[in-house]
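As structure tokens, the structure follows; a few thoughts come after it.
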Amino acid sequence: MRGLVFDIKRYAIHDGPGIRTSVFFKGCPLRCWWCHNPEGQRPHPEMLYYSSKCIACGICERVCPLGAVRVVDGRVETDRSLCDNCGVCVEHCPTEAREMAGKWYTLEELMEEVERDLPFYRSGGGVTASGGEPLMQAEFVLSFLRRLRERGIHTAVDTSGHVDPEVMRRAVSTTDLFLYDLKVMDPERHALYTGVDNRLILRNLMLLDELGARIWVRFPLIPGINDDFENLRAMGEFVSSLRNVEQLNVLPYHPLGVSKAERLGEEQRRFERPSKELIDKVVATLREYGLVVKVGG
Amino acid sequence: MEVVTHLSERIRKLREQSLQTPYIDPERAILITRFYKSEAARGLSPPVLRAMAFKYYLENRTIDIEDGELIVGEKGRGPRAVPTYPEQCVHSLEDLENLNSMKDNPYIVTEEVKRVYEEEIIPFWKGRDMRSLIFRNMPEEWMRAFKAGVFTEFMEQRAMGHAIMDDKIYRMGLLDFKERIRERRKRLDWLNDPEAWHKDQELLAMEITIDAVINFARRYAELARRMAEEERDPKRREELKRIAEVCSWVPAHAPRTFWEALQMYWFIHLAVTLEANVWDSFNPGRIDLWWYPFYKRDLEEGRLTKEEAKELLACFWIKVNNQPAPPKVGVTKEQSNTYQDFSTPNLGGLDERGRPVANELSELILEVEDELRLMMPNLCIQISERTPDWLLLKALRVIAKGHPKPSIFNTDVIIQEHLRQGKTLEDARLGGPSGCVTIGAFGKETVGLTGYMNWAKMLELTLNDGVDPRTGVRVGPSTGDPKEFRTFEDLFQAFRKQLKYFIDLKIIGNNIIERLYAMHIPQPFLSLLIDDCIEKGRDYNNGGARYNTSYIQGTGLGTVTDSLAAIKYHVYDRRTVSMDTLLKALASNFEGEYEILRQILWNKTPKYGNDDDYADEIAVRLVDTYVELLDGRPNTRGGVYRVNLLPTTVHIYFGKVTGATPDGRKAGEPVSEGVSPVQGADRRGPTAIVKSVAKWDHAKTGGTLLNMKFSPQALRTEEDVRKLAQLIRTFFRMGGHHIQFNVVNAETLREAQREPERHRGLLVRVAGYSDFFVTIGRDLQEEIISRTEQESI
């Protein structure tokens, strides 16, 4: 059994309590317009290209078995329709302008990676499974969480909630804390902005709540998308009706995904960054529902 | 985390003065020179000559009390006046001109100063200052290596520094010391001790300096009294009267109040740093331990309020900052291009019984540090496993605002280091870092830092069979043609031979310099303060102290580790490049076609600082080898050599004289600093750095320096600060000696934009999330830069 991981971040201090290691699992059922990890969406390895690091040496053109790469006027172009993400160019690229997002790990390999920072977890930290949607790779991730638990490591799962309720139910027994994303409360608008409607997501959150899981709700604040009063009211009402949500984290939009999408040869929509006034207003509105609201993770 | 600054008007004005450009004050040079030329100097033994010159200078020099001052006394005629020490290093007219026109850290030199130098100072000292004497006495091979930039020599223009005061000056006045000296002189065994006369002369010299310093303080008392008589403002008049009282009591007698304790130390500081140029790392040591009883008693007995104590501390802080280091020249200037020589008072740590020191005074001092934000003193804090979290957090909150101090030390490992060196448990507990990062047993040790070793240059020589490719001169021994090395082991052994050769050469040089200093620049005043100089009747420079340690600082751990890792990985393990090609690439400074190889070496090679055993094991081996070759070898003062790993600014100088290195570094670029990874080679964040750095044994050294960069956004919330505290606690549990944080400014971020490959590990916070600055997009970078500009102070 292997899991597909596109990043491992150590000293992750905004993904749950204490000093943590965040493991980003690749593959996600959602396609949010503002996604800050677009390289985590597809469930297979993908080649990323950093134009700023490239010196156009032409090695990638020479080694590509499919002839998908060409140097034109000192610039490297990759025909993504030909590229099968085999990674040969990545291996040969001297400047790391070409990088692979997505590496297969066995459980043992992944444990070895996250246990590197074991001494730091004494801070009340641990490991966060993030993504993408970690629970898309349910069997692997659940075994991973179980193994972490056995080693006495605190576990957190950062989830979109769009997963089979049975998986969610099983995750409860191996997860110390859920970081649970809520984006838009209206099902149709949710479907428009993320590609899926949110009924399953809301139902799963209620399920976790009933099962007594510890929950932090994460709310990515995107101006013009989900900062309207109606949405805030619905969210405030819904979250305050739950018993086990300890806090709600407002995560103000940032355009991190834009340059990442470029590396995949794609374009991502850009939004305004929320002003301080807007953030304050949103926090104040949500607090009216008696919630513990924090800005940032 | 708003900065609340409520500096009083007094402190604001004094602080302002303290920020002015320093200027050369020739008075010391003039008076010392006059004395050396005078009839009175004839026929005196060296310690007595030094003592008499010192006394003559203190009697005849200008003194002043600035408006509003509470703690009095300056090294020169006013704040920022910098005296010179021509008997140790006489500045040439060209040196003076350079000081005046330097871009970094200039010193104003007036035409009058130049005239005095030309007419009085230079003619007398040229060729007879210690610097000339030392260079004349150095072996030819030593001079060749020194000129090639293989090592530097601290003592070529400064005396041995890093003596730190302990608490005896709060228990004894100088008159008590004098009594002790007299008593010791009475016990001299003139019949059987062949050194009796030498001892007597040294002890006599100590007595002379005591009289000199007491009289010096009394001159301040008189001046304050006169000024009080003329003062119209009744409040200031009372203050001046108080100053007069304080200065007529200390340093002759042991201090009775907090104010007197601070003024006591300050007179001692002035005297020690004016007797000779010992650098200015001299400092009061464990201040929140030793000053606390005065503070507490004064508060309890209603003599002092917390606010008044804070103001006195602020006055003291400004006094330290008023005294830039004596101006350096030549290589020493390049290796330590700073106004300060790291006067490093300590907070925290343990007391002699092993109890943590953390009290109201520790807090107050951190507040003063935060509010004043001066370059000096170079405040540090010792953190033991027993230190309460609140003290560490309080210190980190100051750092999180973008202030580089206090630096943070691991008491528990420092104690292990002391014990390994054979010190008593009590002496170990009452010691600490003694300036920069090197440990000392306060009041009991001479810590001789003797110079930096350029490991990267030694590797370059290894790859060129001992010949310096910059000049074609043979500097090291012939250790074979690297193209003939069949294994990595062959290469490492050749490097080890070079290292051993230069360590030996450095020790030979040091042994000569130590003797020259012992003979020509005794420091009787400093000696009487350091145990057991009085009892032994020997000078500080001549083995008088209880502990007599020498250090040779290793530098370039990151660069050399990565370079050796690159050779091992690419030449021997993977065979992706031949030694021949690599050598050609290095010789060409990776120009043209070799740029691709440089990229591979830089990007596709295991690097120190990433918790990667492939590289880190080489670092372990390097440190072990250095320890094996140096640790425990005898010096001439009855002590031994120890290892420390730190850079000041020498990594810039060493970089300039070292050609391209196999880690992908180009010729002339800085080498890595301290024990930190190569700039930009770390890419897995702070926990990985800390783990790599903790893999080798800090306890076998006497000091290591780790610098970490954070953006203010990564330290914005109280929770961020708490996590940072946990990072430090973990590093210390793993055995790290020291860590300091450089909370970067917008300028550094701009630099990171221009040179991303040098800043790959720089962590920034992006709304609710941290990432490496260089990997986020350009416009996000721009935004973080503008935020940093707004948020940093």
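Convention: sequence-line order gives letters A, B, ...; per-chain numbering from 1.
- Listed options A:Cys93, A:Gly125, A:Ser22, A:Ser52 were ranked by heavy-atom pairs under 4.5 angstrom with chain B; first place goes to A:Cys93.
- The closest side-chain donor-acceptor pair between B:Ser578 and B:Thr581 falls under 3.5 angstrom.
- None of B:Arg722, B:Arg729, B:Lys394 except one satisfies the side-chain contact (heavy atoms from CB on, under 4.5 Å) rule with B:Asp389; the exception is B:Arg729.
- Heavy-atom pairs under 4.5 Å with chain A peak, among B:Leu597, B:Leu727, B:Ile600, at B:Leu727.
- Side-chain contact check for B:Asn603 and A:Thr95: no donor-acceptor pair (N or O, by modelled atom type) lies under 3.5 Å.
- Within the 4.5 angstrom heavy-atom criterion, only side-chain atoms of B:Lys604, from C-beta onward, approach chain A.
- Heavy atoms from other residues, nucleotides or ligands lying under 6.0 Å from CD of A:Glu272 number 12 at most.
- Contacts between A:Glu91 and chain B at a heavy-atom distance below 4.5 Å involve the backbone alone (N, CA, C, O).
- The candidate from A:Pro119, A:Pro94, A:Gly124, A:Pro255 with the greatest count of non-hydrogen atom pairs under 4.5 Å with chain B is A:Pro94.
- Side-chain atoms of B:His570 and B:Thr605 include a donor-acceptor pair closer than 3.5 Å.
- The two residues B:Asp616 and B:Tyr608 make their nearest non-hydrogen contact at OD1-CD1, 3.5 Å.
- No part of A:Arg20 comes within reach of chain B, as not one of its non-hydrogen atoms sits under 4.5 angstrom from that chain.
- Taking A:Glu262, A:Lys53, A:Arg263 one by one and counting their heavy-atom pairs under 4.5 Å with chain B, the maximum is reached by A:Arg263.
- Heavy atoms of B:Arg598 lying under 4.5 Å from chain A are absent altogether.
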